[in-house]
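Below is one structure, written out as structure tokens, with a few remarks after it.
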Amino acid sequence: MKYYNYIFFILFVVLLVINGSQAVINPAVGVVEGYYWTQADAVNGQYGSYSFSDRQKLIQMMADNNLGVYWYSPQTVDVNALWNTQQLNEWTTISALGNSLNVKIVFGIRPGWLDTAVFPTILARLQQIASSGITYYTVNFDDAEGVDTTSQQQKEVQLINYLQTNLPSMTLYSVLPFAYYQDMFTSKTKWQTALATINQVSSTIPFVFTGKEIAPSTMQTSQFPTLSPSRPYKFFDNWIAGDTKDRISWGMIDGRVDSVIFTSQYGYFLNLAFPLERVPHHIYCLGLLATGSTSCSVSASANYWANYLNSNGFIHNGKTVSQVATSLTNAINQDNYYDSIADLEAAFPNLSTIFSTPPV
């Protein structure tokens, strides 16, 4: 009996070691569907936002890489419009998938220029979103016309208070102010002054910023504004968010952002490029940063990318995964700008047709 107890104890310890070595999902780090993807930049007929099937793949990929927040807030989709039955069913599926994988699904609304008369309409929209099972939302005032006046920002404060009072079933995950980066103003002091009105909302609500610039090459905590009373800040990273069908973002995201921003003290969101097959290397790298690494292997990122392309039918040019991975590694390392996908394919023949034709 003592022998069996000893064996059981050893097995128990081994299981603890295995479980303890597995990374866990970081609830402070995730991605954003937040780009401008116009019909003129359609890729294989797709534009606006990811397809339903790609969104499912993305959320699964996020969970596989320990990323805990998926934030939907594209610029070229009317996120304030009510869903039809098919859209509601699809988002109900997305919500259930996120819950099953421990990935928060966050839906961003864009109220634009406000009149208090539209508050009930915005509430009704969020109530429909909540009916899908989504429990987190953001209110985004970035890049909207006419929202930089004091009177508009006062209405923004009123709207946020109204929603928090009348929508207890949902959590306001964050606010993206109109003044979301410093270089909109001539100094940091003027930036902070411009945020004074929206800063009247509850200090527990996180604000999201891109730092000093729209797409900064680096981000330190010192680049957040200083608001009183202090509130949580999150970083919206536009580094890879190309808004053209002719560009693939090669440059890696590691080595640019203070590591503390990837923790619960702050929060980090990578604004993706489009379509999904152009970003797996970045999602893989972000997963490493979310779990404590400070750098990403280019070759490992390229291999992850090549395997995704192969598993999803994009390598249909007679090339092997190894050949594609090698070309992707070289392209990332060179980090050249190409005027078109055709120019990229000419430079790297092993990538021919992968990014220019539909999967099979």
Side-chain angles (χ1 to χ4, degrees), residues 28 30 32 34 69 71 73 75 79-80 106-116 118-119 122 126 136-165 167 171-239 241 257-258 260-271:
V32 190
V69 184
W71 180 10
S73 189
Q75 292 278 8
V79 292
N80 300 328
V106 181
F107 200 98
I109 61 166
R110 296 185 175 279
W113 190 90
L114 279 172
D115 186 286
T116 54
V118 304
F119 286 11
I122 296 171
L126 283 167
Y136 297 94
Y137 71 101
T138 66
V139 182
N140 303 352
F141 300 107
D142 58 311
D143 301 333
E145 294 184 4
V147 298
D148 57 344
T149 65
T150 299
S151 62
Q152 272 297 295
Q153 291 174 70
Q154 289 170 342
K155 288 185 173 66
E156 293 170 4
V157 172
Q158 293 173 29
L159 172 65
I160 290 168
N161 292 337
Y162 172 84
L163 293 175
Q164 291 202 289
T165 299
L167 196 65
T171 298
L172 178 54
Y173 189 76
S174 61
V175 168
L176 184 54
F178 95 90
Y180 64 95
Y181 65 100
Q182 181 182 323
D183 279 358
M184 296 176 70
F185 307 91
T186 56
S187 70
K188 190 171 186 178
T189 299
K190 290 185 177 181
W191 180 31
Q192 291 167 173
T193 300
L195 290 163
T197 302
I198 192 67
N199 194 47
Q200 294 171 17
V201 301
S202 169
S203 62
T204 64
I205 301 170
F207 280 3
V208 182
F209 299 102
T210 65
K212 190 174 186 299
E213 306 166 17
I214 293 179
S217 58
T218 61
M219 180 65 185
Q220 291 82 41
T221 57
S222 60
Q223 292 174 265
F224 286 117
T226 302
L227 302 177
S228 180
S230 61
R231 69 172 63 249
Y233 300 134
K234 299 180 184 294
F235 176 45
F236 188 113
D237 191 355
N238 280 317
W239 187 244
V257 178
D258 277 355
V260 70
I261 294 177
F262 297 100
T263 70
S264 58
Q265 185 177 346
Y266 290 91
Y268 173 98
F269 305 108
L270 180 64
N271 191 13

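Residues: numbered from 1 along the sequence shown.
In this structure, OG1 in Thr150 is found 11.0 Å from NZ in Lys155, a value given to the nearest 0.5 Å. Here the straight-line distance linking atom OG1 of Thr189 with atom CD of Gln182 works out to 8.5 Å at 0.5 Å rounding. The distance from atom CZ of Phe236 to atom OG of Ser174, rounded to the nearest 0.5 Å, is 9.5 Å. With values rounded to the nearest 0.5 angstrom, Glu213 atom CD is found 10.5 Å from Met219 atom CE. With rounding to the nearest 0.5 Å, the separation of OH in Tyr173 from CD1 in Ile205 is 14.0 Å. With rounding to the nearest 0.5 Å, the separation of CG in Leu159 from CG in Asp115 is 11.5 Å.
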Derivation and outcome, side-chain contact (heavy atoms from CB on, under 4.5 Å), residues Ile198 and Phe207
CA-CA 10 Å; Ile198 192 67; Phe207 280 3; 4.0 Å; yes
Could you walk me through whether Thr149 and Ser151 pass the side chain to side chain donor-acceptor pair (under 3.5 Å) test, one step at a time?
CA-CA 5 Å; Thr149 65; Ser151 62; 3.3 Å; yes
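A donor-acceptor distance shorter than 3.5 angstrom exists from the side chain of Asp237 to the backbone of Trp239, with no hydrogens or angles considered. For the pair Asn80 (side chain) and Arg110 (backbone), a donor-acceptor distance under 3.5 Å is present. Listed for the Gln152 side chain is a donor-acceptor partner under 3.5 Å among the backbone atoms of Leu114.
Gln75 and Asp142 share a donor-acceptor pair across their side chains, judged by distance under 3.5 Å alone. Side-chain N/O atoms of Thr204 and Ser202 include a donor and acceptor closer than 3.5 Å. Looking only at atom types and distance, the side chain of Asn238 has no donor-acceptor partner in the side chain of Thr210 under 3.5 Å away.
Within the 4.5 Å cutoff, side-chain heavy atoms of Ile109 are placed close to those of Leu126. Proximity of Asn199 to Arg231: side-chain heavy atoms (C-beta onward) are separated by under 4.5 Å at one or more points. The shortest distance between side-chain heavy atoms of Tyr181 and Met184 falls below 4.5 Å. The shortest distance between side-chain heavy atoms of Gln164 and Val201 does not fall below 4.5 Å. Between Ile261 and Tyr233 there is no side-chain heavy-atom pair separated by less than 4.5 Å. Annotation: side chain of Lys234 is not in contact with side chain of Trp71 (no heavy-atom distance under 4.5 Å). In this structure, Leu167 and Leu172 have side chains that are not in contact, with every pair of non-hydrogen atoms separated by 4.5 Å or more. Contact of the Val106 side chain with the Val69 side chain is registered, since non-hydrogen atoms from C-beta on lie closer than 4.5 Å.
Across every non-hydrogen atom of Ala194 and Phe178, the tightest pair is O-CE2, 4.0 Å. The minimum heavy-atom distance linking Ala144 with Gly112 is given by the pair CB-CA, 4.1 Å. Shortest non-hydrogen contact noted between Gly146 and Trp113 is O-CD1, 3.5 Å. Heavy atoms only, all atoms of each residue included: Ser203 and Pro229 are closest at CB-CG, 3.7 Å. Taking every heavy atom of both residues into account, Gly108 and Val79 meet most closely at O-CG2, 3.4 Å. Nearest heavy atom pair, residue Ala179 against residue Trp191, reads O-NE1, 2.9 Å.
With Pro177 as the partner, the side chain to side chain contact (heavy atoms under 4.5 Å, CB included) test is satisfied by one option alone out of Leu195, Val139, Asn140: Leu195. Only one option out of Asp143, Val175, Val208 pairs with Tyr180 in a side chain to side chain contact (heavy atoms under 4.5 Å, CB included); it is Asp143.
For Tyr137, there are no side chain to side chain donor-acceptor pair (under 3.5 Å) partners two or more places apart in sequence or in a different chain. Legend: residues meeting ring-ring contact (aromatic ring centres under 6.0 Å, His included) with Phe235, ordered by chain and number and at least two apart, are Tyr268.
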Let me check something: any side-chain donor-acceptor pairs from residues 221-228 under 3.5 Å, sequence neighbours excluded? List them with distances.
from   : atom 1 : to     : atom 2 : distance (Å)
Gln223 : OE1    : Gln220 : N      : 2.8

